[in-house]
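As structure tokens, the structure follows; a few thoughts come after it.
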Amino acid sequence: MRVLVLLDDAWHPAELVRTGLMRLERFGFEFDWLDTAAHWSAERMAAYPLVILAKADHVSSADETSWMSASVQRSFVRHVESGHGLLVLHSGAAACVNESLLCDLAGARFLGHPAQCAVTVTPHRPHRLAAGCRSFTVIDEQYAMDFVDDGADVFAASTSEHGRQPAGWTLARGQGRVCVLTPGHNPDVWAHPDYRRLLLNALRWCGRASVGAPA
């Protein structure tokens with residue numbers, strides 16, 4: 001399955017996401033990388049059954065100009081509602097701010113995060129997207145999210161000295177699917193086998209493939 005990956009912003013370098021996702025290529029995914037929003041277009045996105053949003057609202061790490069205009073957000077909504085998948089990873093969730101179409105699409109609003117600390121991610125088994133995953137603890141940014149959609153199906157939570165937050169959830173949007181995973185600021189998170197399993201499950205669910213061999 002071909003997947004378009006939107007990555008690279010001032011706080012999350014492209015190499016972090018690229019290295020993390022490349023570990024999953026052996027499961028049949030072919031990733032095309034777009035590390036500047038200057039080259040994004042709705043027409044280009046339409047060619048992909050699944051899109052990964054792994055960048056905040058910066059054109060790139062070298063250009064912090066906002067690119068998530070209302071028209072861009074409407075394109076994401078149309079893309080999903082027409083039957084495609086959207087996987088929002090960590091920094092992509094940070095683009096879900098204010099009263100935006102992207103917040104509505106992802107089902108939650110980003111509120112911020114405390115300083116990095118020990119965060120325990122707990123999958124909610126027997127949820128399908130938690131299959132094969134155990135709880136794990138990593139040093140990470142614990143995102144605080146405010147749900148704007150009561151229909152979000154939460155399959156993972158994060159816990160730290162700062163409290164408990166949702167860490168993974170899914171939503172149906174029209175004929176398409178949306179999944180959000182909030183962990184992922186540091187390389188050790190992406191390298192953890194249980195996080196990789198969550199990623200694989202999310203990719204397969206968004207892309208409507210079966211959840212099979214472990215990551």
Side-chain angles (χ1 to χ4, degrees), residues 5-7 9-13 16-17 19-21 23-24 52-57 85-98 100 102-172 177-206 211 214-215:
V5 185
L6 308 173
L7 68 169
D9 62 60
W11 304 301
H12 309 91
L16 173 73
V17 178
T19 300
L21 288 174
R23 296 185 176 99
L24 302 180
I52 295 176
L53 177 61
K55 69 185 287 115
D57 190 15
L86 174 66
L87 176 54
V88 180
L89 296 179
H90 189 63
S91 51
C96 300
V97 294
N98 304 320
S100 68
L102 190 63
C103 286
D104 293 340
L105 184 61
R109 182 184 302 108
F110 174 70
L111 301 178
H113 63 80
Q116 292 189 46
C117 61
V119 178
T120 298
V121 178
T122 303
H124 296 171
R125 301 179 69 178
H127 194 287
R128 180 183 180 183
L129 270 72
C133 302
R134 300 162 297 179
S135 295
F136 59 95
T137 301
V138 287
I139 301 300
D140 200 9
E141 291 177 342
Q142 185 188 26
Y143 276 15
M145 306 294 298
D146 178 30
F147 279 121
V148 299
D149 190 324
D150 293 336
D153 184 12
V154 179
F155 62 87
S158 66
T159 307
S160 78
E161 61 184 289
H162 303 285
R164 185 178 177 89
Q165 291 288 335
W169 62 91
T170 62
L171 288 157
R177 294 177 171 185
V178 177
C179 179
V180 181
L181 275 172
T182 63
H185 188 75
N186 295 320
D188 286 350
V189 183
W190 290 81
H192 196 286
D194 288 295
Y195 182 67
R196 292 204 307 268
R197 180 69 215 206
L198 283 175
L199 275 176
L200 180 60
N201 290 351
L203 283 164
R204 286 175 163 167
W205 183 83
C206 287
V211 177

Would you name the heavy atoms of [X] and [Y] that are closest together and state the gap between them?
X	Y	answer
L129	T170	CD2-CG2, 3.6 Å
A106	C96	CB-SG, 3.8 Å
A118	T137	CB-CG2, 4.2 Å
L7	V5	CD2-O, 3.3 Å
A93	V180	CB-CG1, 4.4 Å

Can any side-chain N or O of [X] pair as donor or acceptor with the backbone N or O of [Y] at less than 3.5 Å?
X	Y	answer
Q142	E161	no
S100	V97	yes
W190	G184	yes

Can you tell me how far apart [atom1] ([X]) and [atom2] ([Y]) are? Round to the nearest 0.5 Å.
X	Y	atom1	atom2	value
L24	R197	CG	CZ	10.0 Å
C133	R196	SG	CZ	11.0 Å
C103	F147	SG	CZ	12.0 Å
L89	C179	CG	SG	8.0 Å
H90	L181	NE2	CG	11.5 Å
L21	L200	CG	CG	11.0 Å

message: Between L102 and L53, is the side chain to side chain contact (heavy atoms under 4.5 Å, CB included) condition met? List the steps.
response: CA-CA 11 Å; L102 190 63; L53 177 61; 4.1 Å; yes

Are [X] and [Y] side-chain neighbours, meaning at least one heavy-atom pair lies under 4.5 Å?
X	Y	value
P183	Y195	yes
L111	M145	no
I52	L6	no
Q116	D140	no
V189	I139	no
H124	V154	yes
D9	H12	yes
V119	Y143	no

Side-chain donor-acceptor contact under 3.5 Å, [X] with [Y]:
X	Y	value
S135	T120	no
E141	N186	no
H127	D153	yes
Q165	S158	no

- request: List the steps, then state whether side chain to side chain contact (heavy atoms under 4.5 Å, CB included) holds for V121 with L198.
  value: CA-CA 10 Å; V121 178; L198 283 175; 4.3 Å; yes

- prompt: Is the closest basic N to carboxylate O distance between R109 and D146 below 4.0 Å?
  reply: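 Yes, R109 and D146 are salt-bridged.
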
message: Evaluate R128 against N201 for side chain to side chain contact (heavy atoms under 4.5 Å, CB included), listing each step before the verdict.
response: CA-CA 8 Å; R128 180 183 180 183; N201 290 351; over 6 Å; no

Aromatic W205 / basic R177 pairing, under 6.0 angstrom, 45° off normal: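 The answer is yes, since R177 meets both limits relative to W205.
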
message: Using the rule given for side chain to side chain contact (heavy atoms under 4.5 Å, CB included), can you reason through D104 versus D149, listing the C-alpha separation, both sets of side-chain angles and the distance that settles it, and then say yes or no?
response: CA-CA 7 Å; D104 293 340; D149 190 324; over 6 Å; no

field: H185 and H113 aromatic ring geometry - parallel, tilted or perpendicular at 30°/60° bounds
entry: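 Tilted, since the angle between the ring planes falls between 30° and 60°.
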
field: Chi angles and distances behind the ring-ring contact (aromatic ring centres under 6.0 Å, His included) call for W169, F155
entry: CA-CA 5 Å; W169 62 91; F155 62 87; 8.4 Å; no

